[in-house]
2 protein chains.
Amino acid sequence: MTELEHYIASYLGIGKFDELVQIVSFFKLSTIKKGEYFLKTGKNCDKLSFIKSGFLRIFAASEKEEVTQWIAGKGYFVTDLSSFIFDNPARWTIQALADSELYTISSEDYKKVGTIVSKWHELEKQFIVRCFTLVEDRIFTHLSMTAEERYHYFFEHNKELFNQVPLQYIASMLGMSPETLSRMRRK
Amino acid sequence: MTELEHYIASYLGIGKFDELVQIVSFFKLSTIKKGEYFLKTGKNCDKLSFIKSGFLRIFAASEKEEVTQWIAGKGYFVTDLSSFIFDNPARWTIQALADSELYTISSEDYKKVGTIVSKWHELEKQFIVRCFTLVEDRIFTHLSMTAEERYHYFFEHNKELFNQVPLQYIASMLGMSPETLSRMRRK
DNA sequence: AACTATTCTTGATAAATATCAAGAATTTCA
DNA sequence: TGAAATTCTTGATATTTATCAAGAATAGTT
């Protein structure tokens with residue numbers, strides 16, 4: 001199995017191997033250079049990508065500053081889900097934090113998958129429910145933890161990010177100032 | 001159209017009226033008294049309810065205290081989504097904050113809907129994506145707003161809660177202490 | 001209505017976190 | 001490689017929010 005087959009099988013639980021191969025064949029490998037934009041707020045997000053290597057930052061502008069919603073690395077899917085599914089204007093801007101390799105499916109091809117794979121909508125739903133649960137958990141961390149606890153929790157689960165991504169973005173994503181993150185790291 | 005038909009049509013966009021009527025027929029009206037539990041953490045959540053009247057609080061125990069994740073009122077659906085879809089043990093406890101009327105569908109009947117309504121999984125997926133987007137927005141409020149801004153934002157959008165629900169739960173849901181919420185209200 | 005529970009408010013104080021400013025370290029790029 | 005730009009750290013200080021404690025207000029119960 002290729003890497004992408006492996007990930008899609010484990011995320012979506014595609015049972016039949018020939019279906020899996022068909023799905024994967026829709027994804028095209030491309031690269032994006034550090035600093036380039038995958039998506040800008042207001043545009044339509046017509047693609048869903050799987051990160052083979054590199055990092056992408058999902059963020060939006062608030063009144064005062066940029067707010068980093070998430071940083072996605074190897075093995076993550078990236079898209080503006082609402083824009084991708086409903087053809088809304090995107091709420092997020094997505095930018096490469098490093099040269100990255102992406103397997104990308106267009107929304108056009110994505111729609112075809114439903115006609116090819118039996119139970120696709122069921123599997124897709126289940127995948128989105130898992131995403132929903134993760135985001136819900138993240139709210140819980142904001143309701144029940146201090147900044148320092150969030151830092152530790154995140155650090156334990158995402159060590160790889162800390163050497164490869166500017167810390168200011170991690171701070172924003174954790175809901176604290178860069179100075180505060182810096183001080184917590186010292187300990 | 002009944003109230004429930006109206007809500008389900010607007011949330012899920014069911015096109016065919018006879019399908020809508022069939023779906024709604026699975027929902028049974030029942031009542032739950034103030035203080036009673038709709039669901040307890042660790043149990044299986046085998047039902048999805050629509051609130052006709054009243055309020056339910058969704059919460060979980062953290063190390064220190066109870067953390068209120070959300071308070072649902074009239075017009076909301078309540079369930080532990082992950083438990084309902086995957087038959088996991090529930091992560092949330094759900095308790096009535098007032099005598100409430102619920103339209104409830106069992107997970108058993110819920111599964112039948114997929115066989116009755118064409119495009120059900122598609123519609124269901126779209127509904128869950130909307131829920132995902134709402135939760136994502138909520139994270140954004142924690143990353144970009146102060147406690148006071150979150151209070152104002154929430155108050156503007158949920159005025160009805162403030163007279164009918166203990167404020168300590170609203171405070172918890174907004175990620176602040178009850179005293180802080182009290183002080184903000186004074187202004 | 002009177003008693004009890006619970007919830008809410010308020011003040012005093014402590015703790016957590018943000019802001020500002022400057023210098024150090026690192027990265028970028030010509 | 002070296003200069004410029006960006007990012008990170010650190011200290012001093014301000015602001016926000018939490019905690020503790022007590023009394024006031026409200027809701028629940030007999």
Side-chain angles (χ1 to χ4, degrees), chain A residues 32-37 54-55 57 59 62-68 71 95-100 139-155 158-159 161-187, chain B residues 32-36 54-55 57 59 62-68 71 95-100 139-155 158-187:
Chain A
I32 180 171
K33 287 219 181 304
K34 179 170 179 172
E36 285 180 355
Y37 289 93
F55 294 97
R57 178 171 74 107
F59 66 98
S62 79
E63 286 160 27
K64 310 156 205 159
E65 76 233 303
E66 282 180 1
V67 174
T68 297
I71 296 165
Q95 187 180 25
L97 286 181
D99 292 355
S100 306
I139 288 184
F140 195 78
T141 68
H142 280 276
L143 299 183
S144 65
M145 295 181 184
T146 64
E148 187 160 2
E149 289 166 333
R150 287 200 302 281
Y151 161 69
H152 280 119
Y153 184 82
F154 185 79
F155 180 72
N158 301 274
K159 284 209 174 67
L161 275 187
F162 282 78
N163 298 318
Q164 303 181 261
V165 157
L167 294 172
Q168 53 177 317
Y169 301 135
I170 295 177
S172 172
M173 175 181 151
L174 290 173
M176 65 184 75
S177 69
E179 293 92 337
T180 297
L181 179 62
S182 175
R183 290 189 174 97
M184 285 169 182
R185 269 160 52 82
R186 187 167 29 158
K187 300 196 207 170
Chain B
I32 180 171
K33 287 219 181 303
K34 179 170 179 173
E36 286 180 354
F55 294 97
R57 178 172 75 106
F59 66 98
S62 78
E63 288 160 25
K64 309 157 205 156
E65 76 234 302
E66 282 179 1
V67 175
T68 297
I71 296 165
Q95 187 181 26
L97 286 180
D99 293 354
S100 306
I139 288 184
F140 194 79
T141 67
H142 280 276
L143 298 183
S144 65
M145 295 182 185
T146 64
E148 186 160 2
E149 287 166 335
R150 286 201 303 281
Y151 161 69
H152 279 118
Y153 184 82
F154 184 78
F155 180 73
N158 301 274
K159 284 209 174 66
E160 73 287 0
L161 276 187
F162 281 79
N163 298 318
Q164 303 181 260
V165 157
L167 295 171
Q168 53 176 318
Y169 301 135
I170 295 177
S172 172
M173 175 180 152
L174 292 173
M176 66 184 75
S177 69
E179 293 93 335
T180 298
L181 179 62
S182 176
R183 290 189 175 97
M184 284 168 184
R185 269 159 53 81
R186 188 164 29 159
K187 301 194 205 168

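Below, read A as the first sequence line, B as the second, and so on, with proteins coming before strands; counting in each chain starts at 1.
- Between the side chains of A:Arg57 and A:Thr68, at least one donor N or O lies within less than 3.5 Å of an accepting N or O.
- Contact of the B:Gln168 side chain with the B:Leu181 side chain is not registered, since no non-hydrogen atoms from C-beta on lie closer than 4.5 Å.
- Residue B:Lys34 has no polar side-chain atom (N or O) positioned under 4.0 Å from OP1 or OP2 of D:dA27.
- Rounded to a whole Å, the CE atom of B:Met176 is 18 Å from the C1' atom of C:dA15.
- At a threshold of 4.0 angstrom between heavy atoms, the contacts of A:Arg183 include nucleobase atoms, whether or not backbone atoms are also involved.
- Along DNA chain D, the nucleotide closest to B:Arg150 and the one closest to A:Tyr169 are compared, and the more 5′ of them pairs with A:Tyr169.
- Atom pair B:Lys33:NZ and D:dT29:C1' shows a separation of 16 Å (rounding to whole Å applied).
- At whole-Å resolution of the value, NZ in B:Lys187 and C1' in C:dC8 are 18 Å apart.
- Looking at heavy atoms from C-beta onward, A:Phe155 lies out of side-chain contact with A:Met184 at the 4.5 angstrom threshold.
- Of the possible donor and acceptor atoms, none in the side chain of B:Asp99 sits under 3.5 Å from a partner among the backbone N and O of B:Lys33.
- The side chain of B:Glu179 approaches D:dA21 more closely than any other nucleotide in the set D:dT17, D:dA21, C:dT28.
- Relative to the side chain of B:Gln168, the nucleotides D:dA18, C:dT17, C:dT7 differ in distance, and C:dT7 lies closest.
- Across all strands, B:Arg186 comes closer than 4.0 Å only to sugar-phosphate atoms, never to a base (heavy-atom distances).
- The side chain of B:Ser177 lies closest to D:dA18 when the candidates are C:dT9, D:dT17, D:dA18.
- For A:Thr180, the side-chain atoms get nearest to C:dA18 when compared with the rest of C:dT19, D:dC8, C:dA18.
- Here the side chain of B:Ser100 pairs a donor or acceptor atom with the backbone of B:Phe55 at under 3.5 angstrom.
- Remark: C:dT17 base-pairs with D:dA14. Criterion, Watson-Crick or G-U wobble with two distances under 3.5 Å.
- With C:dA18, C:dT7, D:dT7 as the candidates, the nucleotide lying closest to the side chain of A:Pro166 is D:dT7.
- By the rule that a glycosidic angle within 90° of 0 means syn, C:dA5 counts as syn.
- With rounding to whole Å, B:Tyr151 atom OH is found 14 Å from D:dT17 atom P.
- Between B:Leu97 atom CG and C:dT7 atom C1' the separation is 13 Å, expressed in whole Å.
- Rounded to whole Å, atom C1' of C:dC8 lies 10 Å from atom CG of B:Leu181.
- Atom CG of B:Leu167 and atom C1' of C:dT6 are 13 Å apart (whole Å).
- The distance from atom CG of B:Leu174 to atom P of D:dA18 is 11 Å, rounded to the nearest whole Å.
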